[in-house]
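Let me begin by presenting the structure, written as structure tokens, before commenting on it.
To find a chain, count down the sequence lines: A is the first, B the second, and so on, and within it residues start at 1. Side chains are part of it too, since the values below use all heavy atoms of this structure and drop only hydrogens, waters and symmetry mates.
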Number of protein chains: 2
Amino acid sequence: MDVRTFCLGVLSLGDATGYEIKKQAEDGPFSHFYKAGFGSIYPALARLAADGLITGRDEAQAGKPDKRIYAVTPAGKAALADALTDHATGIAVEDDIRSEFLFLMFFAHLMPAHRVARQIDAHIALYRECLDHIEAKASDSACEHQLPGHVFVRGVGLAVYRAFHDYLRDNRDAFLAQLGAGRQNAAE
Amino acid sequence: MDVRTFCLGVLSLGDATGYEIKKQAEDGPFSHFYKAGFGSIYPALARLAADGLITGRDEAQAGKPDKRIYAVTPAGKAALADALTDHATGIAVEDDIRSEFLFLMFFAHLMPAHRVARQIDAHIALYRECLDHIEAKASDSACEHQLPGHVFVRGVGLAVYRAFHDYLRDNRDAFLAQLGAGRQNAAE
DNA sequence: AGAGTATATATCGGACGGATATATATCTGA
DNA sequence: TCAGATATATATCCGTCCGATATATACTCT
């Protein structure tokens with residue numbers, strides 16, 4: 001999903017600054033399936049404003065830099081709806097999963113075993129944190145009326161993160177033992 | 001993981017053409033956690049060759065275009081080992097998961113219900129296919145001696161894909177019902 | 001004092017990938 | 001028959017993206 005559509009989507013939920021939009025991609029309900037950096041968010045916002053799909057109003061703040069709050073226009077809402085419909089083709093598009101960690105694990109035989117073990121444990125802890133974070137957000141929001149879509153995608157995120165975490169936890173020892181066994185065979 | 005390191009990794013498993021390296025990112029053991037396009041693979045191979053980390057030999061073929069087969073040099077093997085060690089910092093790096101599908105689902109309230117349902121079913125079918133594909137590969141390879149890392153990351157892939165598939169299958173109906181209920185409330 | 005963190009906007013330049021181009025060959029459907 | 005699709009191959013273009021950097025204000029910790 002291109003960053004312009006992402007920004008329109010976030011703004012359709014309420015006015016926001018460029019910085020806040022980045023936070024949504026980082027810590028908000030989108031964080032487990034979308035990423036965007038300042039280098040693409042700001043140009044996207046500038047473009048959307050130039051196209052009349054959003055408007056920005058500047059606001060001074062005490063003790064902080066000025067901020068620009070963007071709001072989606074009616075044309076922007078229509079553009080978002082169009083973009084969504086355009087993408088909902090009925091043909092599934094593969095989710096994009098990339099893992100530097102798994103790349104390292106694939107070539108674990110080329111690395112010292114203690115580094116492999118340490119990396120796995122760090123990754124297990126990372127997923128534990130991510131799960132705790134999403135679950136805490138879910139508890140905080142339990143009293144608020146939430147979009148069905150929001151609840152659904154959070155459920156997916158929790159299921160996927162749990163699967164990843166649990167597999168690492170349950171197979172860590174066997175994997176490391178196999179790595180060790182492979183080294184002994186090679187030494188013989 | 002940058003494409004140069006990826007190419008070195010694939011070539012460390014055996015000589016290959018640029019096209020075959022792309023296939024590994026598409027259909028091979030890397031496909032569920034790595035993606036790379038021709039636009040980055042070919043320049044990366046050219047750069048690696050210029051740096052002396054790989055060598056390419058040209059080969060003519062009957063009925064097909066000529067091909068260039070690349071092999072990793074000893075310096076390339078050392079560079080791969082260095083790259084792996086450099087990345088194995090002991091600090092977990094978040095896996096990068098991006099899903100156009102989940103973005104659509106988040107904003108499902110803005111779309112016609114039949115399109116949402118159709119999109120979910122297509123995605124369920126997609127994950128079914130992916131799972132079948134990985135499982136078939138695992139069966140084919142059962143008699144061969146495989147790297148422990150290969151088996152481990154395939155296990156992660158199966159676990160994650162299953163979690164995604166199962167959650168969609170188990171929650172599809174409730175989600176669509178909620179979307180329908182939300183529309184009736186809005187109409188009242 | 002400097003590094004790190006947080007809230008803010010903005011840009012640079014390297015990395016990436018989809019589309020395109022070229023080449024050879026085969027198959028399918030209108 | 002021709003166009004489109006598919007497969008095996010190499011190669012490049014250019015729009016998109018993002019990490020680093022820059023700037024600004026303020027606070028905390030070593």
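- Checking side-chain atoms of A:Tyr34 against main-chain N and O of A:Met1 turns up a donor-acceptor pair under 3.5 Å.
- Counting heavy atoms from C-beta outward, B:Arg115 and B:Arg118 have side chains that approach closer than 4.5 Å.
- Taking atom CG on B:Asp2 and atom P on C:dG13, their separation rounds to 21 Å, with Å as the unit.
- The side-chain contact (heavy atoms from CB on, under 4.5 Å) test applied to B:Leu84 returns A:Phe103, A:Leu104, A:Phe107, A:Leu110, A:Met111, B:Leu80, not counting sequence neighbours.
- Residue B:Arg4 places no side-chain N or O under 4.0 Å from the OP1 or OP2 atom of C:dC16.
- Qualifying side-chain contact (heavy atoms from CB on, under 4.5 Å) partners for A:Ile97, counting only residues two or more places apart in sequence or in other chains: B:Ile97, B:Val160, B:Tyr161.
- When rounded to the nearest whole Å, the span between CD1 of B:Ile21 and P of D:dA9 equals 13 Å.
- Distances shorter than 4.0 Å separate none of the side-chain N or O atoms of B:Ser40 from OP1 or OP2 on C:dA15.
- The phosphate of C:dT9 (OP1 or OP2) has no side-chain N or O of A:Tyr19 nearer than 4.0 angstrom.
- For the pair A:Pro43 and B:Arg68, both in contact range of DNA chain D, the more 5′-proximal nearest nucleotide belongs to B:Arg68.
- A search for side-chain hydrogen bond (donor to acceptor under 3.5 Å, both in side chains) contacts involving A:Asp173 returns nothing, not counting sequence neighbours.
- We find that CD of B:Glu100 is positioned 12 Å from P of D:dC17, with the value rounded to whole Å.
- For the pair B:Phe6 CZ and C:dG17 P, the interatomic distance rounds to 10 Å; values are reported in whole Å.
- The phosphate of D:dC17 has neither OP1 nor OP2 within less than 4.0 Å of any side-chain N or O from B:Arg98.
- In this structure, B:Tyr127 and B:Phe164 have parallel ring planes: the angle between them is below the 30° cut-off, well short of the 60° mark.
- Residue B:Pro65 has its side chain nearest to C:dA23 when only D:dT25, C:dG17, C:dA23 are considered.
- Listed pair A:Lys64 / C:dT7 fails the phosphate criterion, with no side-chain N or O lying under 4.0 Å from OP1 or OP2.
- Using the six-membered ring where Trp is involved, A:Phe101 and A:His123 have ring planes that are parallel, under 30° apart on the 30 and 60° scheme.
- For A:Glu26, the side-chain contact (heavy atoms from CB on, under 4.5 Å) test picks out A:Lys22, A:Lys23, with sequence neighbours left out.
- Contacts of residues 45-61 of chain B with DNA chain C (heavy atom under 4.0 Å): none.
- Between A:Asp96 atom CG and C:dC16 atom C1' there is a gap of 12 Å when expressed in whole angstrom units.
- Atom OH of A:Tyr42 and atom P of D:dT21 are 18 Å apart (whole Å).
- C:dA8 atom P lies 14 Å from atom OH of A:Tyr70, rounded to whole Å.
- Applying a 4.0 Å cut-off to non-hydrogen atoms, the residues of residues 23-39 of chain A that approach DNA chain D are A:Lys35, A:Ala36, A:Gly37, A:Gly39, listed by residue number.
- Relative orientation of the A:Phe38 and A:Tyr19 rings is parallel, given thresholds of 30° and 60° on the angle between their planes.
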